[in-house]
Amino acid sequence: MNDGTIPTAGEKTAGGPIAIEQSALEQSALDETATERAAGGPGPAGALRPHAEEQYAEELTLLAAADDRPRPPGWRLSPQAVVTYLLGDGAKITPKYVGPRRLMEVAVSTLATDRALLLLGVPGTAKTWVSEHLAAAISGDSTLLVQGTAGTAEEAIRYGWNYARLLAEGPTDAALVPSPIMRAMRTGSIARIEELTRVPSDVQDALITVLSEKSLPVPELNTEVQALRGFNLIATANDRDRGVNELSSALRRRFNTVVLPVPASADDEVEIVARRVAQLGRALELPEVPAAMEEIRRVVTIFRELRSGMTEDGRTTLKSPTGTLSTAEAISVVTNGMALAAHFGDGTLHPGDVAAGIVGAVIKDPASDGVVWREYLETVVRERSGWLDFYRAARDA
């Protein structure tokens with residue numbers, strides 16, 4: 001806590017309200033935590049999904065050691081090194097995002113300015129994945145996260161109170177519970193908001209002062225938090241889900257929007273799915289399943305055709321189901337198929353191992369999507385050379 005640095009309610013300095021400052025002890029603890037994360041710890045042993053700064057600590061260390069370009073205040077890497085971390089270098093740095101380089105350059109350069117970044121796209125276009133890796137590369141900490149929902153309260157954006165201490169002591173700094181955004185402002189880090197458009201509009205607008213003034217008033221303490229250099233905000237949003245709340249024009253002006261598209265080609269999408277399936281397989285300690293590329297390409301082909309409403313040769317028009325059939329869902333289907341093949345099959349990924357997962361991904365509305373899927377099976381899959389085994393497995397599923 002900031003003992004001795006924060007006036008209690010009613011106290012003022014000669015210049016009026018002051019900025020809340022971190023005590024040396026608290027700042028040291030925050031720096032130590034960020035250093036440990038960057039070094040690959042101290043996350044719990046056996047964590048199912050380590051944070052990006054832990055999982056890719058070695059790559060971040062290599063980039064930092066070789067990075068001799070100018071770094072914006074508070075950044076651990078230069079903008080060029082951050083883009084290299086995201087896209088890979090073909091050698092020791094693995095790609096985290098497969099897509100246009102210019103998009104990542106625009107996103108990174110935005111965070112080096114005073115404007116916040118809004119990653120927009122349909123579900124499954126790696127918005128969350130990109131935001132996490134951006135925060136990890138820039139700040140060494142991707143955990144300052146607000147998950148947006150219809151029930152997100154203003155306290156998640158600003159701050160809350162420990163009500164036991166509030167009743168006992170009144171409004172003091174010790175009773176204040178900072179939000180992830182307030183903590184990011186105090187430490188000059190990147191904060192993240194997931195699904196911003198699912199947050200109620202009046203709560204969204206609590207961000208306006210933070211993004212325009214780079215400060216967060218705390219009237220109960222007659223103080224404010226002023227953001228340290230290095231602070232910025234990454235938000236993600238899509239307009240395909242129900243419960244979407246449009247951003248006000250005042251808030252939208254404070255974001256630079258980068259639209260993340262679906263993978264441009266089937267080969268790109270196959271590469272993304274194959275890489276993530278391999279990573280998930282290692283994380284989940286699934287027995288290795290060889291020769292999965294044929295089924296990965298089959299899943300990607302089906303998803304892309306139903307998503308676009310056209311077969312890949314352009315000859316047949318298709319009805320599209322109600323679901324998004326995103327790359328993320330393709331990864332889930334293949335990973336589940338690998339688990340089936342490893343634990344209940346012969347260790348090789350077969351059409352039957354992925355068929356049930358595909359059916360579940362496509363048919364979200366049993367009435368309308370069921371018709372779409374059956375038509376696709378009979379008019380496309382059954383007639384496609386080499387797909388008879390999959391046709392039979394999918395029909396049975």
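Side chains are part of it too, since the values below use all heavy atoms of this structure and drop only hydrogens, waters and symmetry mates. The structure presented is a predicted model; accordingly, all values stated were derived computationally and were not measured.
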Q: May I ask you to list the residues sharing a hydrophobic cluster with Leu284, side-chain cutoff 4.5 Å, ordered by chain and number?
A: Leu48, Leu286
Q: Could you tell me whether Arg382 sits above the aromatic face of Trp387, with NZ or CZ closer than 6.0 angstrom to the six-membered ring centre and within 45 degrees of the axis?
A: no
Q. Quick one: OG on Ser215 to CE on Met185, what's the gap to the nearest 0.5 Å?
A. 6.0 Å
Q.
Once side chain to side chain donor-acceptor pair (under 3.5 Å) is applied, do any residues pair with Asp205, and if so which ones, sequence neighbours excluded?
A. Ser248
Considering only distance and modelled atom types, tabulate donor-acceptor pairs under 3.5 Å from the side chains of residues 389-397, sequence neighbours left out.
| residue | atom | partner | partner atom | Å |
| --- | --- | --- | --- | --- |
| Tyr391 | OH | Glu378 | OE1 | 3.1 |
| Tyr391 | OH | Glu378 | OE2 | 2.9 |

Q: Give the other cluster members for Leu62, using side-chain heavy-atom distances under 4.5 Å between Ile, Leu, Val, Met, Phe, Trp and Tyr residues; answer none if it is isolated.
A: none
Q: Please work out whether the ring planes of His133 and Tyr85 are parallel, tilted or perpendicular, with thresholds of 30° and 60°.
A: tilted
(Q) Applying side-chain contact (heavy atoms from CB on, under 4.5 Å) to Leu211 and Phe255, what does each step give before you reach the verdict? (A) CA-CA 9 Å; Leu211 297 181; Phe255 283 99; 3.8 Å; yes
**Q.** Lys NZ or Arg CZ of Lys214 over Phe231 ring: under 6.0 Å, within 45°
**A.** no
Q. Do Thr327 and Glu269 meet the criterion of a side-chain donor-acceptor pair at a distance under 3.5 Å?
A. yes
Q: Calculate, to the nearest 0.5 Å, the distance between atoms OG1 and CD belonging to Thr143 and Glu132 respectively.
A: 10.0 Å
(Q) Would you say that more than 12 heavy atoms from the other residues, nucleotides or ligands in this model lie under 6.0 Å from the CZ of Arg229, or not? (A) no
Q: Give the other cluster members for Val259, using side-chain heavy-atom distances under 4.5 Å between Ile, Leu, Val, Met, Phe, Trp and Tyr residues; answer none if it is isolated.
A: Leu120
Q | Selection residues 313-322 - residue pairs positive for salt bridge (charged side-chain N to carboxylate O under 4.0 Å, His left out), sequence neighbours left out | A | Lys319-Glu375
(Q) Take a 6.0 Å sphere around CD of Glu246 and say whether it holds more than 12 heavy atoms from other residues, nucleotides or ligands. (A) no
